[in-house]
Chemist: 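What follows is a single structure, and I will ask about it in a moment.
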Amino acid sequence: MAAQPVRLSVRAALGSALAALVLVLAGCDRQPAAPKFDGIDITGAAYAHHLDLPDTAGRLRHLADFKGKVVVVFFGYTQCPDVCPTTMLELAQAKQALGADGARVQGIFVTIDPARDTPAVLQAYVRNFSPDFIALRGDDAQTQAAAKEFKVFYAKVPGDTPGSYTLDHTAGSYVFDPEGRVRLFTRYGAGVDSLVHDLKLLLAGR
């Protein structure tokens, strides 16, 4: 009769050890919490993978050219009265707020109005916001293809005088991490603080 308590004790010890092992293994499988972005998280999206357009010097640029930086891509036009200049100004302010890390953020302005946005006009426009911002300009077919790749809408709206027009277009930016993966869509009007918050997370490898 004395052996029974010993047998039960061994079983209890084995049971406790097994339970502890299960907890340890469960902890190993636990994934780090996903970063809480202010912008819309589109990680893994099946679009916005390629951007192949000439810059203002005529050099063909690709997203891979900027690997190692957080890249913010915005489609707009220089005669845009509000959305475009506000977006570019906020990006410039966010870069400044990041201090030395701001050098690791690349702003790219893609014109949807190549007829009026000549290379000289574009270069002067983006440099007005930041000396290291880049403008890209394709022909009509290239512009349409790039907009389709990024799911960007744009359309001419006739003006009050013959030949004049404005452009309705998607009001938001696409943000890529240092590995060149599209991660965020930031809506117009989110503000500088929100953008700085998300850029910091991406610069930290989140």
Side-chain angles (χ1 to χ4, degrees), residues 39 42 45 47-80 82-154 167 169-188 190 192 195-196 198-200 202-203:
I42 58 171
Y47 53 92
H49 290 179
H50 307 285
L51 183 62
D52 309 297
L53 290 171
D55 60 20
T56 55
R59 176 186 173 192
L60 188 62
R61 306 304 295 265
H62 315 276
L63 285 172
D65 296 342
F66 310 102
K67 194 169 183 179
K69 293 185 176 183
V70 171
V71 177
V72 182
V73 177
F74 177 76
F75 285 72
Y77 66 112
T78 63
Q79 296 190 38
C80 175
D82 41 35
V83 173
C84 303
T86 299
T87 299
M88 299 306 291
L89 178 60
E90 289 183 348
L91 178 55
Q93 291 173 338
K95 279 173 59 70
Q96 186 175 14
L98 289 168
D101 282 340
R104 298 171 56 207
V105 176
Q106 179 64 60
I108 298 178
F109 182 89
V110 181
T111 181
I112 53 173
D113 189 17
R116 295 184 297 190
D117 288 346
T118 65
V121 168
L122 280 169
Q123 185 170 5
Y125 183 79
V126 295
R127 294 289 174 84
N128 186 54
F129 299 102
S130 178
D132 61 357
F133 281 177
I134 292 173
L136 302 181
R137 175 184 179 270
D139 58 25
D140 287 338
Q142 290 172 316
T143 303
Q144 291 168 10
K148 182 178 180 181
E149 169 67 18
F150 277 72
K151 295 188 180 296
V152 166
F153 163 84
Y154 68 98
L167 287 159
H169 62 96
T170 300
S173 302
Y174 291 86
V175 187
F176 295 77
D177 66 19
E179 295 300 314
R181 300 170 298 194
V182 64
R183 299 293 302 277
L184 302 173
F185 178 78
T186 61
R187 288 195 179 102
Y188 168 69
V192 176
L195 182 57
V196 169
D198 288 349
L199 292 177
K200 282 182 176 179
L202 293 175
L203 287 168

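A quick note: this is a predicted structure, and the numbers were derived from the prediction, not measured.
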Chemist: State the OG1-CG distance between Thr186 and Leu91, to the nearest 0.5 angstrom.
Modeler: 8.5 Å
Chemist: Give me the atom names and distance for the closest heavy-atom approach of Thr143 to Gly138.
Modeler: OG1-O, 3.5 Å
Chemist: With rounding to the nearest 0.5 angstrom, report the NZ to CD distance, Lys148 to Gln144.
Modeler: 10.0 Å
Chemist: Report yes or no: do Asp132 and Ser130 form a side-chain donor-acceptor pair below 3.5 Å?
Modeler: yes
Chemist: Which residue is it: Arg61, Lys67, Lys69? I am looking for the one with a salt bridge (charged side-chain N to carboxylate O under 4.0 Å, His left out) to Asp65.
Modeler: Arg61
Chemist: Could you state the interatomic distance from OH (Tyr77) to CG (Leu167), rounded to the nearest 0.5 Å?
Modeler: 5.0 Å
Chemist: Taking the side chain from Asp113 and the backbone from Asp117, do they hold a donor-acceptor pair closer than 3.5 Å?
Modeler: no
Chemist: With a 4.5 Å heavy-atom cut-off, do Ile112 and Phe153 have their side chains touching?
Modeler: no
Chemist: Are any non-hydrogen side-chain atoms of Phe66 and Ile134 less than 4.5 angstrom apart?
Modeler: yes
Chemist: Of the options Val126, Thr118, Val121, which is the one that meets Thr78 in a side-chain contact (heavy atoms from CB on, under 4.5 Å)?
Modeler: Val121
Chemist: For a 4.5 angstrom cut-off between non-hydrogen side-chain atoms, does Tyr125 reach Pro85?
Modeler: yes
Chemist: Report yes if the side chains of Arg183 and Leu202 come closer than 4.5 Å at any heavy-atom pair, otherwise no.
Modeler: yes
Chemist: Go through the steps for Tyr188 and Thr86 under the test side chain to side chain contact (heavy atoms under 4.5 Å, CB included), then give the verdict.
Modeler: CA-CA 9 Å; Tyr188 168 69; Thr86 299; 3.8 Å; yes
Chemist: Keeping the roles fixed (side chain from Arg137, backbone from Thr56), state whether a donor-acceptor pair exists under 3.5 Å.
Modeler: no
Chemist: Where is the tightest heavy-atom contact between His49 and Val182, given as atom of each residue plus distance?
Modeler: CD2-CG1, 4.4 Å
Chemist: Can you tell me how far CD1 of Ile108 sits from CZ of Phe176, rounded to the nearest 0.5 angstrom?
Modeler: 8.0 Å
Chemist: Is any NZ, NE, NH1 or NH2 atom of the basic residue among Arg59 and Asp55 found under 4.0 Å from an Asp or Glu carboxylate oxygen of the other?
Modeler: no
Chemist: Check Cys84 against Gly76 and note the closest heavy-atom contact, atom names and distance.
Modeler: SG-CA, 3.7 Å
Chemist: I'd like to know whether CZ of Arg187 has more than 12 heavy-atom contacts from other residues, nucleotides or ligands below 6.0 angstrom.
Modeler: no
Chemist: Just by distance, do the side chain of Glu149 and the backbone of Ala48 share a donor-acceptor pair under 3.5 Å?
Modeler: yes
Chemist: Where do Cys80 and His169 come nearest, in terms of heavy atoms and distance?
Modeler: SG-NE2, 4.0 Å
Chemist: Might you point out which heavy atoms bring Ala146 and Leu51 nearest each other, and give the distance in Å?
Modeler: CB-CD1, 4.2 Å
Chemist: Whether the side chain of Arg104 engages the backbone of Leu203 through a donor-acceptor N/O pair (distance < 3.5 Å, no angle test) should be reported.
Modeler: yes
Chemist: Can you find a pair of side-chain heavy atoms, one from Asp198 and one from Val175, that are under 4.5 Å apart?
Modeler: no
Chemist: Using a cut-off of 6.0 Å, state whether more than 12 heavy atoms not belonging to Gln96 lie near its atom CD.
Modeler: no
Chemist: As an exercise, state the distance from CZ of Arg127 to CZ of Phe133, rounded to the nearest 0.5 Å.
Modeler: 11.5 Å
Chemist: Which atom pair, heavy atoms only, marks the closest approach of Pro54 to Gln142?
Modeler: CD-OE1, 4.2 Å
Chemist: As an exercise, state the distance from CG of Leu122 to CG of Leu136, rounded to the nearest 0.5 Å.
Modeler: 9.0 Å
Chemist: Side chain to side chain contact (heavy atoms under 4.5 Å, CB included) for Phe74 and Thr170? Distances and angles first, verdict last.
Modeler: CA-CA 9 Å; Phe74 177 76; Thr170 300; over 6 Å; no
Chemist: Between Phe129 and Leu89, is any pair of side-chain heavy atoms under 4.5 Å apart?
Modeler: yes
Chemist: Does the plane of the ring in Phe150 sit parallel, tilted or perpendicular to the ring in Phe75? Use 30° and 60° as the thresholds.
Modeler: tilted
Chemist: Could you walk me through whether Val196 and Leu98 satisfy the side chain to side chain contact (heavy atoms under 4.5 Å, CB included) test, starting with their C-alpha distance in whole Å, then the side-chain angles of each, then the deciding distance to 0.1 Å, before giving a yes or no?
Modeler: CA-CA 7 Å; Val196 169; Leu98 289 168; 4.1 Å; yes
